[in-house]
2 protein chains.
Amino acid sequence: MAMDGVPGSLGTSVGFSLRLGQTLFSCASLLFMSLGVEFYSYTAFCYLVTIMGLVIPWSFTLALVDGYSVLVKCPVRQPGVLVIIAAGDWVLSVLTLAAACSTASVVDLLFHSGGSICSPKCCSRYQLSAAMAFLTWFLSLASALLNIWLLPSL
Amino acid sequence: MAMDGVPGSLGTSVGFSLRLGQTLFSCASLLFMSLGVEFYSYTAFCYLVTIMGLVIPWSFTLALVDGYSVLVKCPVRQPGVLVIIAAGDWVLSVLTLAAACSTASVVDLLFHSGGSICSPKCCSRYQLSAAMAFLTWFLSLASALLNIWLLPSL
């Protein structure tokens, strides 16, 4: 009943898709930021890389848990575990939003300051990285909200 | 009972203090950013000014409502009104966090790029503005959480 009532929470196929999306988008954000680009010269970009380094293992682990739960049809329903996961999602989504906003504003500043600092190719990579970080934030917020929604029904 | 159980929600003296703090900090952030400084040359700073222009009337109105409720000892307890206020707090706290992070990262970039763009006096004003925006975010998040907490007890 609770499992049918809240699609997207821990141990459902929608939840698995959300986790998979988070993992993919955060990996994409990290790759666009770090491959072949000197990201370590800007604090905001280092911060984004750090946060993505936290989000990727978190989302990947929970994607594995969700996938396993869907396969064995036995979702995790301990309130304590759900509270910890919801709190972790919450903290990570706030940090991801902060990283995405910082990156986007710095990219905007570099873009408008002329081509001397940032070549058009680099700038579009940074922009894509920021966009992926925003998508990661959105999916992470969805997971956090759906898990919190599930809590009162336990 | 509900009023005693959740200090800080709508119509209590703690809630009034939170709203007053939000109004003060957002006014301070706006003033530090806009007085005598050319803020309109950076997108992130314009965004901060826009968001503060939304937060100040919202917090001030709710501070008036809270103050009135405390004086007449008759707090608002309609679930519909509380949902609207909690949703508004929520959206504004996310926007405030985004504005604070953007401002902080741009200030950091300007600060480290040397004195040619931003004089030390201007930079410290920008930093103070970002710090005030973070404090506004924190108080706004507290209000949103406490109002959501109150909802199930109605």
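Throughout, protein chains are lettered first and strands after them, A, B, ... in sequence-line order, and every chain is numbered starting at 1.
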Participant: Any chain of hydrophobic side-chain contacts (each under 4.5 Å) joining A:Leu24 to A:Leu135?
Facilitator: no
Participant: Could you see if B:Leu64 belongs to whatever hydrophobic cluster contains B:Phe16? Use Ile, Leu, Val, Met, Phe, Trp, Tyr and a side-chain cutoff under 4.5 Å.
Facilitator: no
Participant: Mind checking whether B:Phe60 and B:Ile85 sit in one hydrophobic cluster, side chains of I, L, V, M, F, W, Y counted as touching below 4.5 Å?
Facilitator: no
Participant: Could you pull out every donor-acceptor pair under 3.5 Å between chain B and chain A?
Facilitator:
| unit_1 | atom_1 | unit_2 | atom_2 | d |
| --- | --- | --- | --- | --- |
| B:Thr43 | OG1 | A:Asp108 | OD2 | 2.6 |
| B:Ser102 | O | A:Ser105 | OG | 3.4 |
| B:Ser105 | OG | A:Ser102 | O | 3.4 |
| B:Ser105 | OG | A:Ser105 | OG | 2.9 |
| B:Asp108 | OD2 | A:Thr43 | OG1 | 2.6 |

Participant: When heavy-atom pairs shorter than 4.5 Å are enumerated against chain A, which of B:Ala100, B:Cys101, B:Ala104 gives the highest number?
Facilitator: B:Cys101
Participant: Go through it in stages, so that I can follow the logic: the residues are B:Val94 and A:Val94, the test is side chain to side chain contact (heavy atoms under 4.5 Å, CB included), and I'd like the CA-CA distance, side-chain angles, deciding distance and then a yes or no.
Facilitator: CA-CA 8 Å; B:Val94 167; A:Val94 167; over 6 Å; no
Participant: Examine B:Leu97 and B:Leu141 and state if one hydrophobic cluster contains both, with Ile, Leu, Val, Met, Phe, Trp and Tyr joined whenever side-chain heavy atoms are less than 4.5 Å apart.
Facilitator: yes
Participant: CZ of A:Phe138: more than 12 outside heavy atoms within 6.0 angstrom?
Facilitator: no
Participant: Kindly work out whether a path of hydrophobic side-chain contacts (I/L/V/M/F/W/Y, heavy atoms less than 4.5 Å apart) joins A:Phe25 to A:Leu128.
Facilitator: yes
